[in-house]
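These notes concern the structure reproduced below.
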Amino acid sequence: MKVCVVGSGGREHALAVVLGRTADVVVTPGNAGIPGSTSTPPEEIDADLFVIGPEQPLVDGLADRLRAQGRLVFGPGADGARMEGSKAWMKEVVAAAGVPTARYGDFDDADDAIAFLDTLPGGPDGGYVIKTDGLAAGKGVFVTTDRAAAEADIRDKLAGTAFGDAGRRVVIEERMVGPELSVLAVCDGKRAVALAPAQDFKRVGDGDTGPNTGGMGCYSPVPAVDDALVQDVLDRFVQPTLDELDRRGIDYRGTLYAGLMLTAEGPKLVEYNARFGDPEAQVVLPRLTSDLAQLLAEAAAGELRSEPTSSDEACVAVACAAEGYPASPRTGDVIEGLDEVRDLDGVEVLFAGVAAGEAPDTLVTAGGRVLYVCGTGPTIAGARTRAYEGVARISWPGMHCRSDIAAAPTT
Ligand code: AMP
């Protein structure tokens, strides 16, 4: 089978590596660190299966365009990708499906939005969450217990100054408290199967400090998340959502990524994404012992038959970011030490924001999250040690990463 992966980050590198176990893989546009990368656009590539990685092309209807050419595509059409492209619409679908989630309202008027804050519980156990309706690269969510800060954020977003048009509508939610969990479900339009759970680290600094990022690291499995909890997520979250989408005429073939919070009242949905998580894919996919190409081809054809299986080994990914990330990453710094990492057992580097350097066989930074060092081992602690052994060998001016990824699993 020939598979075309669309995208250019660490998630797409992980997809290419794992699909490459059983298929020939080409990645478009990929990046200078992903073998098999090509600048040929997906519409001009001949492949048996297309796997679309990032949310933006899904929201823009790439899956629809490829399906119109008769291609087999894993990834929802623009209708289903609205689950990620519009948080207000997603909340409406989820409410109709009866999925447990935070109470919310959606607004394009600042006074109405601010009045809604009064209906939410304040204080240290309460608080406010302000989200851009549209896509904001994982950075459009503001969580606070400070009422004045919530008001200021609402005004910034609705004025279009903070996130442009993506912020001209906001979703306001009550603040939930609890550890977070991501479950990646592979859907064929009617039913879904779950991949192994993972937990990611969103804030830039150790101890969950500093601004939110696209994700600074991740690990899988999550010790306290057993099969029963994953099945519960499928039964009470993913399946009712797929049924609701089906009722609306949406044939959702792709990943439905459920971001959940394990609150005192039980699991609640934080968000849905329409694609594999990044960096969740980097720790979940390498653990698969079943055939990923086969699974995604079945889902794309609307006839899931196989059940994914995962190894008992743990995987930990640490994102190494460029100077200035997340605000304004610096590019063009030469990455050193990659050869030394290649010799380490149980360590793999997955590339994201990189470009070819001037000297042959060198890479330079070309984005915020530059690369992920992934360690695999019999335990989370062992996988973590390996990942950080790899990190210690890599450097460029201003490189930073968190030192506490998977240090203390929280669930
Ligand atoms: P989202 O893009 O919706 O996943 O939000 C990004 C992050 O913001 C989540 O992973 C949570 O850490 C946090 N968050 C979002 N919604 C809530 C909420 N209702 N209560 C508490 N934290 C939230």
Side-chain angles (χ1 to χ4, degrees), residues 54-56 59 81-95 99-106 113 116-117 119-146 149-150 153-154 157 162-163 166-167 169-184 197-205 207-219 222 233 237 241 255-280 319 326 402 410-411:
E55 60 275 22
Q56 192 70 56
V59 169
R82 273 187 89 198
M83 290 300 275
E84 180 157 4
S86 167
K87 287 189 192 282
W89 186 77
M90 180 277 280
K91 291 291 277 193
E92 193 241 309
V93 171
V94 157
V99 166
T101 188
R103 201 154 67 75
Y104 82 107
D106 64 282
F116 183 73
L117 295 179
T119 72
L120 298 176
D125 297 329
Y128 317 98
V129 183
I130 323 294
K131 303 183 175 186
T132 58
D133 177 43
L135 292 180
K139 294 168 204 151
V141 177
F142 181 59
V143 182
T144 184
T145 52
D146 180 341
D153 190 67
I154 289 171
K157 281 182 174 140
F163 291 94
R169 185 165 198 86
V170 292
V171 168
I172 301 178
E173 296 181 359
E174 65 182 328
R175 175 173 158 259
M176 302 185 285
V177 181
E180 290 185 50
L181 164 71
S182 312
V183 175
L184 305 180
Q199 193 157 59
D200 77 338
F201 294 73
K202 284 240 166 39
R203 292 191 183 256
V204 74
D208 285 330
T209 53
N212 261 331
T213 69
M216 292 302 289
C218 205
Y219 65 90
V222 185
V233 172
F237 294 75
T241 304
T255 305
L256 194 56
Y257 158 143
L260 301 142
M261 203 165 263
L262 305 177
T263 74
E265 295 141 30
K268 289 192 182 178
L269 185 80
V270 177
E271 63 165 346
Y272 274 129
N273 291 321
R275 32 96 197 169
F276 290 113
D278 185 350
E280 285 85 348
R402 281 182 63 159
T410 50
T411 52

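Atoms within each ligand, like the ligands themselves, are counted from 1 in listed order.
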| query | Do Asp106 and Asp133 come within less than 4.5 Å of each other through their side chains, counting heavy atoms only? | reply | no

| field | Non-hydrogen side-chain atoms of Lys131 and Tyr104 separated by less than 4.5 Å | value | no

| field | Non-hydrogen side-chain atoms of Ile154 and Ile172 separated by less than 4.5 Å | value | yes

| Among Val141, Leu135, Asp200, closest by any non-hydrogen atom to atom 8 (O) of ligand 1 | Val141

| request: Look at atom 12 (O) of ligand 1 and find which of Met90, Lys87, Lys202, Glu180 reaches it with the closest heavy atom. | output: Glu180

| field | Under 4.0 Å to a heavy atom of Met261 - the qualifying atoms of ligand 1, by number | value | 21 (C), 22 (N)

| field | Any Pro100 side-chain heavy atom under 4.5 Å of Glu265 side chain | value | no

| query | Can Gln199 and Tyr219 be counted as having a side-chain donor-acceptor contact under 3.5 angstrom? | reply | yes

| field | Atom indices of ligand 1 within 4.0 angstrom of Glu174 heavy atoms, with elements | value | 18 (C), 19 (N), 20 (N)

| said: Taking distance alone, with N or O pairs closer than 3.5 Å, would you say Glu271 contacts ligand 1? | reply: yes

| request: Look only at the side chain of Glu174 and the backbone of Arg103, and say whether a donor-acceptor pair between them is shorter than 3.5 Å. | output: yes

| query | At a non-hydrogen distance cut-off of under 4.0 Å, which region of Met176 contacts ligand 1 (side chain, backbone, both, or neither)? | reply | both

| query | How does Lys131 reach ligand 1, by side chain, by backbone, by both or by neither, if only non-hydrogen atoms under 4.0 Å count? | reply | side chain

